[in-house]
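One structure is given here, and the rest of the page talks about it.
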Amino acid sequence: MQVKKVYLLFLIIGAIGLLYFFIKNWVSIKNILSPFFVSALIAYLLNPMVKFFNSKGFSNFLSILLVFLIVALVILFFSFYILPLLINEMVIFVKMIPFYTEELQKILLQLKFNYFSYLPPQFEKVLDKNLNVLNNLFASRVDMAFKSTVAILKDIIDVIIVPIITFYLLKDKNLFKKEIEKVIPAKYHGSFSALLKKIDKILSKYIRAQIYLSIFVAIFTSIGLSLIKVKYAFLIGILAGILNIIPYLGPILSIVPAVLIGLLDSLSKGFWALFVCLLVQQIENVFITPKIISDSVGLHPITVIFSLIAGEELFGVWGLLLSVPVVAIGKVIVTEIFIEK
């Protein structure tokens with residue numbers, strides 16, 4: 001037990017030092033490591049498929065090629081049938097931004113004169129200030145999102161590097177594991193393997209759950225908004241699916257664009273857009289989530305929310321996406337080392 005406590009102490013000190021280094025040099029680290037992290041994530045997601053073909057008698061090399069072929073076919077299908085629809089809606093939406101900004105301002109002014117005209121003057125001043133801030137924030141965020149999308153599309157080099165790194169990670173995964181084990185004392189190899197299995201169990205369950213839930217939300221949000229004829233239903237549905245990856249906060253944020261676009265047509269359409277989003281989320285929370293996620297990370301909701309806030313503050317979007325699984329892995333490591341069996 002004493003050895004475990006000393007090991008835990010060194011681990012905590014090392015983790016704090018590593019966190020400090022990442023925070024201080026995050027911009028440079030992000031630019032350097034992004035392709036490697038994306039490759040590692042893709043390799044992790046594709047590894048079960050590679051194992052499946054291995055179990056059917058295919059060599060590791062041939063299994064990887066078959067998996068890459070399947071992924072390429074999926075990407076081609078997406079590029080020919082899904083991506084054009086998404087790009088078309090995005091282009092139309094960007095062209096309409098000036099009009100929507102003006103319409104949003106009109107709606108906010110109507111709310112002010114129709115519903116807030118009897119409020120004290122001090123409140124009216126605060127309201128005016130916040131309406132202007134909201135209007136400017138809407139325009140700037142949309143513009144920022146568009147510029148970010150263009151920047152991502154221009155980053156062609158990652159598209160070339162990521163598949164190559166992914167291939168070698170899948171091909172030499174056992175070699176990498178052996179190299180890591182060389183650094184660890186022989187008497188801890190069993191504990192190390194058990195720890196990796198626990199981490200793999202949590203990660204695989206969490207990632208699979210997030211993928212399934214995001215696909216569900218994206219499809220049914222798009223269908224629901226299309227039925228009530230909300231513009232850009234497909235684009236909003238995709239956005240809702242992406243935001244759904246962020247626990248607790250993402251589903252709330254995904255409602256905003258749907259309701260805003262609906263309100264620009266009419267008050268009733270804004271209400272129905274809100275109803276559709278809430279309905280999809282309720283079906284997800286009541287029927288889908290308990291079956292496929294079931295507290296997969298084993299963290300209290302307050303811990304999750306704190307992790308999200310801290311992650312976003314320190315590392316931006318990457319922090320939002322990674323904070324929960326990283327904290328869950330940290331919990332597994334600390335529990336495995338500190339709690340004696």
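Keep in mind that this is a model prediction, so the values were computed, not measured. For reference, positions follow the sequence shown, starting with 1. Just so you know, these numbers use all the heavy atoms, side chains as well, and skip hydrogens, waters and symmetry mates.
Between the Ser214 side chain and the Gly241 main chain, a donor and an acceptor come within less than 3.5 Å of each other.
Both Val280 and Phe271 sit in one connected hydrophobic cluster of ILVMFWY residues. Membership requires side-chain heavy atoms under 4.5 Å apart, directly or through other members. In the hydrophobic clustering of this structure, Ile261 groups with Phe275; members are Ile, Leu, Val, Met, Phe, Trp, Tyr whose side-chain heavy atoms approach within less than 4.5 Å, directly or through other members. At a threshold of 4.5 Å between side-chain heavy atoms, the hydrophobic network of Ile, Leu, Val, Met, Phe, Trp and Tyr places Leu260 and Ile252 in two separate groups.
Annotation: side chain of Leu239 is in contact with side chain of Pro257 (closest heavy-atom distance under 4.5 Å). Side-chain contact between Ile70 and Phe53: present, with at least one pair of heavy atoms (C-beta onward) separated by less than 4.5 Å.
Under the side-chain hydrogen bond (donor to acceptor under 3.5 Å, both in side chains) criterion, Ser63 pairs with Asn54, not counting sequence neighbours. Among residues two or more places apart in sequence or in another chain, the ring pair (Phe, Tyr, Trp, His ring centres under 6.0 Å) test is passed with Phe176 by none. Shown here are the ring pair (Phe, Tyr, Trp, His ring centres under 6.0 Å) partners of Phe220, two or more places apart in sequence or in another chain: Phe216. Take Leu227 and apply the side-chain contact (heavy atoms from CB on, under 4.5 Å) test, not counting sequence neighbours, and it matches Ile223. The ring pair (Phe, Tyr, Trp, His ring centres under 6.0 Å) check on Phe68 picks up nothing, with sequence neighbours excluded. Applying the side-chain contact (heavy atoms from CB on, under 4.5 Å) criterion to Ile215, with sequence neighbours excluded, gives Ile211, Ile219. The side-chain contact (heavy atoms from CB on, under 4.5 Å) check on Ile255 picks up Val259, Leu274, Cys277, Leu278, Gln281, with sequence neighbours excluded. Not a single ring pair (Phe, Tyr, Trp, His ring centres under 6.0 Å) links Phe306 to another residue, sequence neighbours left out. The side-chain hydrogen bond (donor to acceptor under 3.5 Å, both in side chains) test applied to Asp172 returns no partner, not counting sequence neighbours. Residues satisfying the side-chain hydrogen bond (donor to acceptor under 3.5 Å, both in side chains) criterion with Ser226, sequence neighbours excluded, are absent altogether. For Ile75, the side-chain contact (heavy atoms from CB on, under 4.5 Å) partners at least two apart in sequence or on another chain are Val71, Ser79.
Distance check, rounded to the nearest 0.5 Å: CG of Leu65 to NZ of Lys171 gives 11.5 Å. Between the CG atom of Asn244 and the CG atom of Leu253 there is a distance of 11.0 Å, given to the nearest 0.5 Å.
Summarising the geometry of Ala273 relative to Ala258, their closest heavy-atom pair is CB-O, 3.5 Å, with the distance given to 0.1 Å.
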If you look only at distance, which donor and acceptor atoms sit under 3.5 Å apart when one is on a side chain in residues 36-47 and the other is two or more places apart or in another chain?
from  : atom 1 : to     : atom 2 : distance (Å)
Ser39 : OG     : Pro35  : O      : 2.6
Ser39 : OG     : Val162 : O      : 3.2
Tyr44 : OH     : Asp200 : O      : 2.9
Tyr44 : OH     : Asp200 : OD1    : 2.7
Tyr44 : OH     : Ser204 : N      : 3.1

Could you check Ile238 against Phe234 for side chain to side chain contact (heavy atoms under 4.5 Å, CB included), going step by step and ending with a plain yes or no? CA-CA 6 Å; Ile238 296 294; Phe234 182 64; 4.1 Å; yes
